[in-house]
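One structure is given below, encoded as structure tokens.
Since the model is a prediction, treat every value here as computed from it, not as a measurement.
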Amino acid sequence: MTTVKRLTGAVLFVYAFIYVMQVMFSSLFEPYFPPSEVWRAMNFCTAVGIIVSVVVVSRHKRSIDPSDIPPARHLAVQAAFYSTLALAIWFFAVWFRLLMLSPGEPVSEADNVIWSLVSVFNPLVLGTTGAFLWRTPRQ
């Protein structure tokens, strides 16, 4: 199980890095790869990563007794849990709306704002979850 955790952690961490590179440099690749097609594929990977992160932080939150850990550690566990849930809600709500758009129908400004938030939170959450899974066996 330790190997699976570490491998999952590495995949999440690497994917978070790839996601950041796509967010920052997608305009450079535009002549070679249509951004909408790249994002379409990445959204499925992101959905899997978010689901894995929700499971990991939920299990970790339930496994901790607040009276046995320092308050700062308890706060970190709570922050990880609730930020992961916020990311999941934002991502899945907007992604499902995007999947339901008719061809040629534009994305709303509100959804674009939420996508911007997802673009920031996603690599943070997935990278942090990946690092946690990578380190867990050593603790």
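At least one side-chain heavy atom of Leu85 sits less than 4.5 Å from a side-chain heavy atom of Val54. Trp39 has its side chain within reach of Gln22: a pair of non-hydrogen atoms, C-beta onward, lies under 4.5 Å apart. Val4 places a side-chain heavy atom less than 4.5 Å from the side chain of Thr8. Looking at Pro35 and Phe29, their side chains never come closer than 4.5 Å, going by heavy atoms from C-beta outward. Considering only heavy atoms from C-beta on, Phe132 comes within 4.5 Å of Val56 through its side chain.
Cluster membership for Val107 and Ile114, using ILVMFWY side-chain heavy atoms within less than 4.5 angstrom, is shared. A continuous path of hydrophobic side-chain contacts links Ile51 to Val125 [ILVMFWY only; heavy atoms under 4.5 Å]. There is no path of hydrophobic side-chain contacts, each under 4.5 Å, that joins Met100 to Leu98. Leu133 is not connected to Val55 by any chain of hydrophobic side-chain contacts under 4.5 Å among Ile, Leu, Val, Met, Phe, Trp and Tyr, and they are in different clusters. Hydrophobic clustering (ILVMFWY, side-chain heavy atoms < 4.5 Å, transitive): Val38 and Ile18 are in one cluster.
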Tell me, with the steps shown, if Val118 and Tyr19 meet side chain to side chain contact (heavy atoms under 4.5 Å, CB included). CA-CA 11 Å; Val118 168; Tyr19 192 93; 3.9 Å; yes

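Considering every non-hydrogen atom in both Ser27 and Pro31, the closest pair reads O-CD, 4.1 Å. Contact record, Gly130 with Leu12: CA-CB, 3.8 Å, taken as the closest heavy-atom pair. The minimum heavy-atom distance between Phe13 and Gly127, with the atom names listed, is CD1-O, 3.4 Å. In this structure, Val77 and His60 approach most closely via the heavy-atom pair CG2-NE2, 3.6 Å.
Judged by distance alone, the side chain of Tyr15 and the main-chain N or O of Met42 form a donor-acceptor pair under 3.5 Å. At distances below 3.5 Å, at least one donor-acceptor pair connects side-chain atoms of Ser108 with backbone N or O atoms of Asp111. One N or O on the side chain of Glu105 and one on the backbone of Ser102 form a donor-acceptor pair closer than 3.5 Å. At least one donor-acceptor pair closer than 3.5 Å links the side chain of Ser83 to the backbone N or O of Ala80.
Here the CZ-CD distance, from Arg73 to Gln78, works out to 11.5 Å after rounding to the nearest 0.5 Å. Rounding to the nearest 0.5 Å places NE2 of His74 at 10.0 Å from OG of Ser67. Within the model, atoms OG1 of Thr84 and CD1 of Ile89 stand 11.0 Å from one another, a figure rounded to the nearest 0.5 Å.
The only option from Asn122, Leu124, Leu117 that meets the side-chain contact (heavy atoms from CB on, under 4.5 Å) definition with Leu87 turns out to be Asn122.
For residues 78-102, the set of pairs meeting the ring-ring contact (aromatic ring centres under 6.0 Å, His included) definition, not counting sequence neighbours, comprises Phe44-Trp95, Trp90-Phe121, Phe91-Trp95, Phe91-Trp115, Phe92-Phe96.
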